[in-house]
Colleague: 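Dumping the structure here so I can ask a few things about it.
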2 protein chains.
Amino acid sequence: MTSMTPVHTSSAADGPRLGLRERKKIKTRTAIREATYALIEEQGYEATTIEQIAERAEVSPSTVFRYFPTKEDIVLTDEYDPLMLQELRSRPADEPWTDSVRYVVGRAVQMSDQDLEVTRLRAHLMNQVPAVRARMLETMSVTGRMLAEAVAERAGLGTDDLEVRVYTMSLIGGLAEVYQYWAEGGMREDLHGLLDRALTVLEQGFPAKKP
Amino acid sequence: MTSMTPVHTSSAADGPRLGLRERKKIKTRTAIREATYALIEEQGYEATTIEQIAERAEVSPSTVFRYFPTKEDIVLTDEYDPLMLQELRSRPADEPWTDSVRYVVGRAVQMSDQDLEVTRLRAHLMNQVPAVRARMLETMSVTGRMLAEAVAERAGLGTDDLEVRVYTMSLIGGLAEVYQYWAEGGMREDLHGLLDRALTVLEQGFPAKKP
DNA sequence: CCATGAAGTGAGAGTAACTGTCAAAAGCCG
DNA sequence: CGGCTTTTGACAGTTACTCTCACTTCATGG
C-alpha cells in the first residue's frame with residue numbers, strides 16, 4: 001500500500017549533477033504526491049484534506065500549495081505529455097498519420113503500465129470525482145492544443161488552422177472516452193485493445209453501417 | 001447592459017397553469033442568472049462573489065446555492081440539451097447520420113442566436129476562466145453521453161458500445177473546439193460556417209491530403 | 001571558509017465557495 | 001380560516017486557496 005511505485009525517484013542519470021536544492025525539491029514533490037495517493041486510497045478523495053497531506057508529507061500546507069496549484073493537480077500532474085509530443089515529432093515524416101498516432105498512443109499505454117497503480121487510481125478518480133474529471137478534461141484539451149501544433153507542423157498548415165484543431169480535439173475526445181470506458185468497466189479490459197478499436201472508429205469516420 | 005434578453009420569461013404558453021410557487025421559482029432563477037451576467041460584465045467573473053449576486057437578485061446566499069450547485073453553473077446551465085436530443089430523435093430514421101447532426105447543430109446555432117449576448121459571454125468566459133472551461137467540458141461530456149444513447153438507439157447498438165461512445169465524444173470534442181476557436185477569434189466569424197467546416201473534417205476522417 | 005545574497009519554507013491571517021441545520025415565512029388545500 | 005408542505009433566510013462551520021512576512025537553508029565569490 002505504501003509500497004507504491006515511485007514515479008520519478010532520482011535515477012542514476014539525473015541524480016549527481018543536480019544541486020542539493022534541486023534534489024530536495026524533487027523529494028518534497030514526490031513526497032507530497034505519494035502522501036496524497038496513500039491518503040486517497042485510505043479515505044477517498046474528498047475526505048482527504050490538504051492539511052492531512054501536508055502532515056503526512058512532513059511539510060507545511062503552504063508548501064503543498066507552492067508545489068501544486070490545486071488539489072486535483074497533485075493527482076493529475078505528470079511529465080509524460082512532453083515526452084509523447086517529442087515521440088510524435090520524431091516519427092518519420094512520410095508515415096501515415098493514423099500509424100503515427102497509433103504508435104504514440106501505444107507508447108503512452110506502455111509507459112502508464114509502469115505505474116499501473118497510479119494509472120488505475122487516476123482512472124478511478126476521474127470516474128468518481130467530478131472535479132477531477134473536469135480537471136482531467138482540461139488537461140487533455142491542453143495536450144490537444146500541443147498535439148495540434150505537431151500536426152500542423154507536419155501537415156504544413158498554420159497552428160491556428162481550424163481543421164487541424166478540430167481534428168486533434170476530436171481525437172482527444174475519443175481517447176478520453178476510451179479511458180472513461182475502461183475505468184467504468186473496472187479496468188479489467190485490455191486498454192491497448194480498446195484504444196485500437198477507438199482509433200479504428202476515428203480513422204473510418206463514422207461506424208455508418210455494419211453489414 | 002441590464003437590457004439583456006431574458007432567456008425564459010414566462011411566455012403565454014407556460015404561464016397560466018403554473019401555481020404561484022412555480023412561477024416564483026422561475027422568477028428567482030432568472031433573477032439570479034441575470035444578476036450574475038450583469039455583475040460579471042461589470043467586474044469580471046472572479047471578482048463577482050455569491051454574496052453580491054445574492055444581494056442584487058434580492059435573495060439570500062443560501063438561496064443562490066439552492067438554485068445552482070456551483071458558481072459556474074449559474075453561467076452555464078441551460079435548457080437546450082434536452083431539446084436538441086428530442087430534435088435528433090425526431091429526424092427520419094433513414095436520414096444519413098451526418099445530415100442529422102448537421103441539422104441539429106444548425107438548429108442549436110439558431111437558438112443560441114436568440115441569446116446572442118449570453119452566448120458571447122459564455123464563449124468569452126470559457127476562454128478566459130479555466131474553472132468555467134472545465135465545467136463546460138464536463139457539461140459537454142454529459143451531453144455526449146446522452147447523444148451516445150440516441151446514436152446507439154438509432155444504430156441498433158447497445159448504449160455501452162465502445163464504438164458509439166468514442167464516436168460521439170470525438171464529435172463533441174470537435175464541436176467544443178469550434179466554439180473555442182470562435183471565441184478566440186473575437187466571435188467575429190460566422191459560427192454556422194465554422195461548424196460546417198468542422199463537420200466536414202469529422203465526416204471525412206482526417207484531412208489527410210489537400211490536393 | 002565565511003559573508004552576502006537568493007531561494008525555499010512555515011506560520012498566520014484572510015477570503016470565498018460551498019454544506020448542513022433550524023426556525024420563520026409563504027403558498028397550498030380542505 | 002387552519003393545518004401541512006415547501007421555500008427561504010440566518011447562522012455556524014469546513015476547506016481550498018491567497019498573501020505576507022520573518023526565518024532558515026543553500027549557493028557562491030572573495
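The figures here come from the full heavy-atom set of this structure, side chains too, leaving out hydrogens, waters and symmetry mates.
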Colleague: Just checking B:E58: does its CD atom have more than 12 heavy atoms from other residues, nucleotides or ligands closer to it than 6.0 angstrom?
Modeller: no
Colleague: Given C:dG27, is OP1 or OP2 found less than 4.0 Å from the side-chain N or O atoms of B:K24?
Modeller: yes
Colleague: Taking for each residue the nucleotide of DNA chain D bearing the nearest heavy atom, is the 5' side occupied by A:Y45 or by B:V59?
Modeller: B:V59
Colleague: Among residues 62-78 of chain A, which ones have heavy-atom contacts with DNA chain C below 4.0 Å?
Modeller: A:S62, A:T63, A:R66, A:Y67
Colleague: Is it the case that over 12 heavy atoms from other parts of the model lie below 6.0 angstrom from the CD atom of A:Q86?
Modeller: no
Colleague: Rounded to the nearest angstrom, tell me the gap between atom CD1 in B:I32 and atom P in C:dA17.
Modeller: 14 Å
Colleague: With distance as the sole test, does A:R133 use its side chain to make a donor-acceptor pair with the main-chain N or O of B:E138 at under 3.5 Å?
Modeller: no
Colleague: I'd like to check the side chain to side chain donor-acceptor pair (under 3.5 Å) partners of B:S112; sequence neighbours left out, ordered by chain and number.
Modeller: none
Colleague: Considering residues at least two apart in sequence or located in another chain, which fulfil the salt bridge (charged side-chain N to carboxylate O under 4.0 Å, His left out) criterion with A:E184?
Modeller: B:R145, B:R165
Colleague: Could you state the atom-to-atom distance from CD of B:E58 to C1' of D:dT8 in whole Å?
Modeller: 15 Å
Colleague: What's the CD-P distance between B:E51 and C:dC18, to the nearest Å?
Modeller: 14 Å
Colleague: Between A:R107 (side chain) and A:L83 (backbone), is there a donor-acceptor pair under 3.5 Å?
Modeller: no
Colleague: Both B:E46 and B:L20 contact DNA chain C. Taking the nearest nucleotide for each, which residue is further toward the 5' end?
Modeller: B:E46
Colleague: A:I50 has an atom CD1; how far is it from atom C1' of D:dC17, in whole Å?
Modeller: 8 Å
Colleague: What's the CD-P distance between B:E22 and D:dT5, to the nearest Å?
Modeller: 17 Å
Colleague: To the nearest Å, give me how far apart CZ (A:R23) and P (D:dT25) are.
Modeller: 17 Å
Colleague: With the side chain of A:R21 defined as its heavy atoms from C-beta on, choose the nearest nucleotide among D:dA10, C:dT9, C:dA6.
Modeller: C:dA6
